[in-house]
Amino acid sequence: VTFAANGVVTLTSDFGWRDAYVGAIKGTIVSSAPDVRIHDLAHEIEPQNIWQGATVLRGACPLFPAGTIHLAVVDPGVGTTRAPIVLLAGRHAFVGPDNGIFSLVAEALGGIETAYRIEPAGPLAFLLPRDPCPTFQGRDVFAPVVAALASGRITPADLGPLHEPLPLISPVGVVNLSAGAVEGRVTQHDRFGNAITNIRARDLRALPSTALMARLGDDRSVVVARTYGDVPKGEPLALIGSEGFLEIAVREGSARERLGLSLGATVRIEPSTRAA
Amino acid sequence: VTFAANGVVTLTSDFGWRDAYVGAIKGTIVSSAPDVRIHDLAHEIEPQNIWQGATVLRGACPLFPAGTIHLAVVDPGVGTTRAPIVLLAGRHAFVGPDNGIFSLVAEALGGIETAYRIEPAGPLAFLLPRDPCPTFQGRDVFAPVVAALASGRITPADLGPLHEPLPLISPVGVVNLSAGAVEGRVTQHDRFGNAITNIRARDLRALPSTALMARLGDDRSVVVARTYGDVPKGEPLALIGSEGFLEIAVREGSARERLGLSLGATVRIEPSTRAA
Amino acid sequence: VTFAANGVVTLTSDFGWRDAYVGAIKGTIVSSAPDVRIHDLAHEIEPQNIWQGATVLRGACPLFPAGTIHLAVVDPGVGTTRAPIVLLAGRHAFVGPDNGIFSLVAEALGGIETAYRIEPAGPLAFLLPRDPCPTFQGRDVFAPVVAALASGRITPADLGPLHEPLPLISPVGVVNLSAGAVEGRVTQHDRFGNAITNIRARDLRALPSTALMARLGDDRSVVVARTYGDVPKGEPLALIGSEGFLEIAVREGSARERLGLSLGATVRIEPSTRAA
């Protein structure tokens, strides 16, 4: 096994900052691993939006050092038979529900190295509450597992049998490349109202033309530029965002409000007619 | 005194994450106790909702190790004559306003051991600002007290005279048990839209029947189940939540939106007519 | 140079808690400076509201100990030619965009001591990503600079040439003092709905009368009092807030909702006619 805990733990969830859930998880971890350093990544994920949680993990976790343990709870399947898992990728460990939430970050880290189904009745049993709450595994299963891994009392392989994690189904379908064009879809909006698509920088580099525009539906198009400074204030543009995906933005404004691009809206990148 | 600080501090408030209040408290603590580890529990408590703050403390603080200091500021009475207090329960210390916010967590920890009214003119005087702001005691009284307790420079008994804390009045009344039934009320909603009542798991165990249903007003009823997996997606159910209270939920949905249960709505648990 | 890092870092931004931005910055810092202690101050600043960010920094940062590094990202000019800077004031270091966001806190700390323009091509080059994203300097420039300063690998003067930071233009104009009166404007609202003005405590002390009232437009006035306890519950008042500015508040209520004072609304402090 190539995972060695470094004492750093990150938390990502849809728990928000108004209930006891985040604090209950922190208390559980601190109680059995008092020296870990816990970092909040995001707790205002839209309730039960696995895709949004997966993109947060992809954008943040690989920047932490090897040996970090990432706990993520966006879990519409809690209280059903979905498995609790630990997944190893790029010398990071991920703890949470088996619903695909770790698939994007695992891909970004070079692929899943191995994964285990957490077996509460195994060697872990004496670290868990005797009567775990079926609807709050974050507190009663995942947090004790994080603490046990962080303190080195247990190794990932001790947690249970090997497990094949579920893939994550994109909410909007895939990217299509045709001769001289790329077509994708809006997969999420960020807090600033940027409409982020599933079109990658490398998809654009595969196109023969470098002067490009983004078609939004039939009658609107915006310039593909490098950065906000390339257009006047208040004007829309398409650009490669901080994780390498094309996004539609408005300089010092909100593309979501200004252009009304809903989740799943089609974005087509073509050679610019102005440049032609 | 049975309280010995362990270097861990938690913060709970209705300050939100958009103003300077949370940072001002952290800076004050870090300046005089640089080695404490501070954990945010919840800062998006509804403004001045003492009950919501009290439930967050009850759900999170007991999971921290003994010796933790919990600062809580949900304080409609700031700038009046309400007392600032330190309360000890279960070898934890709680610092904040005397408005009942600590009553639920103290009960969960076995009851109040002792409490002191913070007397700014006493031995504490040289640790406080000379001209404290009457409307931000969180920064000018509570945070210096937390730092002084955490660093061991002062003990709880040094802070002022013994004090009898105010009780917390439930916003919705109490639970009634009749022959074969329990009637309670909705006391809060969480971020997921679950409607949490004041009916405890042990109230249900006192009933003769184990096949139960929850009546919501006159014409609606939902099944009492163990977990979400017991009903199809999108269906309502009643179940015991993570802190031992009955809640009305919708699997992968929001009971608040779907069933429109407002604060104080009556929930009556009866033998299931289907099972009869 | 009078700045010596103490291992404490604070974060302030308009990133919110629902995207990967906050976590990406934390991961970058932790990866190259694993021992720093990171404190979240505020991440729900209104998107691109520099004034609001500046007031958070003013209210929180000076309370941290000397040697703290404060990272702030509210940055409508990201992706344009605005400079990235490091600014020193009161033995604190501030890292972020040159858009005036540090001007209020620098003034509160006794003025700007010195400032440098961050030059990515200088000695810093080997600490930055080779291909920094032009729209996320928080991750690709500011966070590596924070880590390098915190770990002592680089000093502020190594970062680039001396720089004159931009001032911050008040969104609402200045305070006018006439004979026996002061006129200012509402510059922001906090989470509780308090309407905070640009009138300072010392402006009031310059008035001949001590019995004062606040005129809101033509036909409304509220008493100027010391604290909430001076008026009945639900009643409006004007008082000096926790940072020394006059604010219009409602005891246990929201002045924003109750009085409808919008940003820029005029507030005029005069001798009280009741007391005359």
Side-chain angles (χ1 to χ4, degrees), chain A residues 6-8 10-17 22 37 39-46 49 52-68 70 105 188-194 196 225-231 233 237 239-244 247 249 251-254, chain C residues 7 9 11 13-50 73-83 97 99 129 131-141 143-144 147 191:
Chain A
N6 65 9
V8 176
T10 80
L11 304 183
T12 301
S13 77
D14 59 358
F15 290 147
W17 283 108
V22 168
R37 281 155 289 164
H39 295 284
D40 297 298
L41 302 192
H43 291 300
E44 300 279 1
I45 305 287
E46 188 189 359
N49 186 332
Q52 193 185 348
T55 62
V56 167
L57 298 176
R58 179 182 61 195
C61 298
L63 295 160
F64 280 82
T68 301
H70 306 281
V105 67
Q188 60 177 136
H189 296 87
D190 69 10
R191 186 179 188 231
F192 300 98
N194 299 317
I196 302 169
R226 198 183 69 92
T227 181
Y228 298 126
D230 296 336
V231 300
K233 286 187 195 182
L237 73 161
L239 76 172
I240 298 298
S242 58
E243 291 189 51
E247 60 192 53
R251 180 173 169 189
E252 299 192 27
S254 164
Chain C
V9 168
L11 305 182
S13 77
D14 59 358
F15 290 147
W17 283 108
R18 42 155 290 163
D19 296 314
Y21 304 121
V22 168
I25 283 178
K26 290 181 178 175
T28 302
I29 295 174
V30 169
S31 281
S32 40
D35 293 327
V36 299
R37 281 153 289 162
I38 299 175
H39 295 283
D40 296 299
L41 302 192
H43 291 301
E44 300 280 0
I45 307 287
E46 189 190 356
Q48 310 184 343
N49 187 332
I50 298 170
V73 189
V74 179
D75 194 6
V78 70
T80 70
T81 55
R82 73 100 189 83
N99 58 21
D131 191 16
C133 172
T135 57
F136 194 12
Q137 286 204 329
R139 179 191 64 191
D140 289 353
V141 176
R191 186 180 188 229

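The sequence lines fix the lettering, A, B, ..., with proteins before strands; numbering per chain opens at 1.
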Atom pair CG/CG of C:Leu11 and A:Asp40 - distance to nearest 0.5 Å: 11.0 Å
statement: Under 4.5 Å to a heavy atom of chain C? For A:Glu252 that would be both
message: To the nearest 0.5 Å, what is the distance between CZ on A:Arg191 and OH on C:Tyr21?
response: 11.5 Å
task: Find out whether C:Thr135 and A:Leu239 are in side-chain contact, i.e. whether some heavy atom of one side chain is under 4.5 Å from a heavy atom of the other.
output: yes
- prompt: Relative to chain A, which segment of C:Arg139 carries a heavy atom at a distance below 4.5 Å: side chain, backbone, both, or neither?
  reply: side chain
field: Note, A:Pro65 side chain near C:Val30 side chain (heavy atom, < 4.5 Å)
entry: yes
query: By a 4.5 Å heavy-atom criterion (distance strictly below it), what part of C:Asp14 contacts chain A: side chain, backbone, both, or neither?
result: both
- request: Could you tell me which of C:Cys133, C:Ser31, C:Pro132 has the largest number of non-hydrogen atom pairs under 4.5 Å with chain A?
  value: C:Ser31
message: Quick check: closest heavy atoms across A:Ala60 and C:Ala20, and the distance to 0.1 Å?
response: CB-O, 3.9 Å
query: Hey, which of A:Gly59, A:Gly229, A:Ser242, A:Ala42 has the most heavy atom pairs under 4.5 Å with chain C?
result: A:Ser242
Best-contacting candidate, C:Asp140, C:Ile25, C:Ile45, against chain A by heavy atom pairs under 4.5 angstrom: C:Ile45
- prompt: A:Arg226 versus chain C, heavy atoms under 4.5 Å apart: side chain, backbone, both or neither?
  reply: both
- request: With rounding to the nearest 0.5 Å, note down the distance linking NE2 in C:His43 to CH2 in A:Trp17.
  value: 9.0 Å
Rounded distance [0.5 Å steps], CD in A:Glu46 versus CZ in C:Arg18: 7.5 Å
message: At a 4.5 Å cut-off on heavy atoms, which part of C:Gln137 comes close to chain A: side chain, backbone, both, or neither?
response: neither
- prompt: Are side-chain heavy atoms of C:Asp35 and A:Arg37 found at a separation under 4.5 Å?
  reply: yes
- prompt: Does a side-chain heavy-atom distance below 4.5 Å link C:Phe15 with A:Asp190?
  reply: no
task: Heavy-atom distances under 4.5 Å only: say whether A:Thr55 touches chain C with side chain, backbone, both or neither.
output: backbone
- prompt: Which distance, rounded to the nearest 0.5 Å, do you find between the CG of A:Leu63 and the NZ of C:Lys26?
  reply: 13.5 Å
